[in-house]
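Accompanying notes for the structure given below.
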Amino acid sequence: MTKVALITGAARGIGLATASRFLADGWRVAMLDVLGDILAAAVAGLDRPDDTLALVADVSDPAAVQAAVRRAHARFGRIDALVNNAGIAVFKPMLDVTLEEWQRVLSVNLTGPFLMTQAVAPIMRDQGAGAIVNITSISGLRASTLRVAYGTSKAALAHLTRQQAAELGEYGIRVNAVAPGPVDTAMAKAVHTREIRADYHDHIPLNRYGLERELAEAIFFLCSEKAAYITGHELAVDGGFYASGVGLPTLRKERRNT
Ligand SMILES: NC(=O)c1ccc[n+]([C@@H]2O[C@H](COP(=O)([O-])OP(=O)(O)OC[C@H]3O[C@@H](n4cnc5c(N)ncnc54)[C@H](O)[C@@H]3O)[C@@H](O)[C@H]2O)c1
């Protein structure tokens with residue numbers, strides 16, 4: 001039996017790298033994104049027409065989500081893994097964030113995974129098994145400036161992960177989260193200024209951004225049989241950002257001087 005993954009936000013970045021990782025292991029992959037042209041190019045670039053399906057939909061639109069999940073199920077006959085990766089970021093001082101920006105970030109980053117999971121979980125329940133991974137962020141683990149909407153949406157998604165794990169375990173469905181540290185994707189290029197990049201280096205023991213494929217490995221692991229007893233967990237893939245506090249710039253300066 002060939003396994004099937006549905007990945008949102010799969011047109012580029014971490015989502016596209018994750019699609020490649022599943023395909024490399026022999027899975028079939030339904031790739032959902034709101035950017036139809038970029039998605040079509042990504043799917044064409046993978047050059048696996050029998051094993052891929054492009055789904056153009058907005059994860060915050062309930063009717064579009066239901067229709068996309070129906071199409072994926074009709075094409076592949078099952079869904080073994082759901083990766084709720086689609087997300088958007090607005091980085092702005094808290095007092096400047098508009099209500100519209102706040103609501104859009106919450107709709108995509110939090111309501112999207114809620115709707116996708118409601119649409120996919122009944123299919124997994126009927127199969128008796130499934131794995132869901134929600135892509136959160138280190139910005140939901142530790143508060144930082146400029147991320148009032150983004151960080152709050154990701155912290156809420158981490159809790160949604162635990163809520164989903166608590167209820168869906170009965171059906172053999174595991175639900176986990178991966179919290180990426182900074183990764184140099186289109187999103188990061190749009191919101192990470194030179195100062196933000198320097199700040200990250202000052203707080204990351206491994207002293208670099210993560211790679212898309214490093215995130216994809218962690219996501220794939222949590223969807224695989226190797227993670228069969230892991231549910232309700234949030235895994236930071238962040239070069240040590242979450243684990244560490246103050247002191248790194250001083251340590252590095254002292255080492256440079258010895
Ligand atoms: N890059 C980072 O530094 C970083 C850090 C922490 C968390 N993340 C998270 O990782 C995930 C992937 O981000 P990325 O860095 O690859 O960004 P990206 O912008 O390259 O990719 C995100 C994809 O999601 C799609 N998308 C956005 N809104 C959508 C919607 N409403 N419906 C369907 N698709 C939609 C976009 O079109 C895009 O293809 C996001 O959830 C993001 O918050 C990224």
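In each ligand, atom 1 is the first atom listed, and ligand 1 is the first ligand listed.
When atom types are taken as modelled, the side chain of Arg147 and the backbone of Val90 share no donor-acceptor pair closer than 3.5 angstrom.
Cation-pi geometry between Arg28 and Phe76 is not met: the NZ or CZ atom fails to fall both under 6.0 Å from the ring centre and inside 45° of the normal. Phe241 carries Arg142 over the face of its six-membered ring, with the cationic atom under 6.0 Å from the centre and within 45° of the normal.
Pairs engaging residues 137-166 under the ring pair (Phe, Tyr, Trp, His ring centres under 6.0 Å) rule: Phe91-Tyr150 [sequence neighbours left out].
Of the charged side-chain nitrogens involved, at least one lies within less than 4.0 Å of a carboxylate oxygen, so that Glu214 and Arg208 count as a salt-bridged pair.
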Between ligand 1 and the protein, tabulate every N or O atom pair separated by less than 3.5 Å, reporting distance only.
residue	atom	partner	partner atom	Å
ligand 1	1 (N)	Val183	O	3.0
ligand 1	1 (N)	Thr185	OG1	3.1
ligand 1	3 (O)	Val183	N	2.9
ligand 1	3 (O)	Val183	O	3.3
ligand 1	8 (N)	Tyr150	OH	3.4
ligand 1	15 (O)	Thr185	OG1	2.5
ligand 1	16 (O)	Ile14	N	2.9
ligand 1	19 (O)	Arg12	NE	3.3
ligand 1	19 (O)	Arg12	NH2	2.9
ligand 1	20 (O)	Arg12	NE	3.0
ligand 1	31 (N)	Asp58	OD1	2.9
ligand 1	32 (N)	Val59	N	3.0
ligand 1	34 (N)	Val34	N	3.4
ligand 1	37 (O)	Asp33	OD1	2.6
ligand 1	39 (O)	Asp33	OD1	3.4
ligand 1	39 (O)	Asp33	OD2	2.6
ligand 1	41 (O)	Asn85	O	2.7
ligand 1	41 (O)	Lys154	NZ	2.9
ligand 1	43 (O)	Tyr150	OH	2.6
ligand 1	43 (O)	Lys154	NZ	3.1

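The environment of CD in Gln127 is crowded: more than 12 heavy-atom neighbours from other residues, nucleotides or ligands sit within 6.0 Å.
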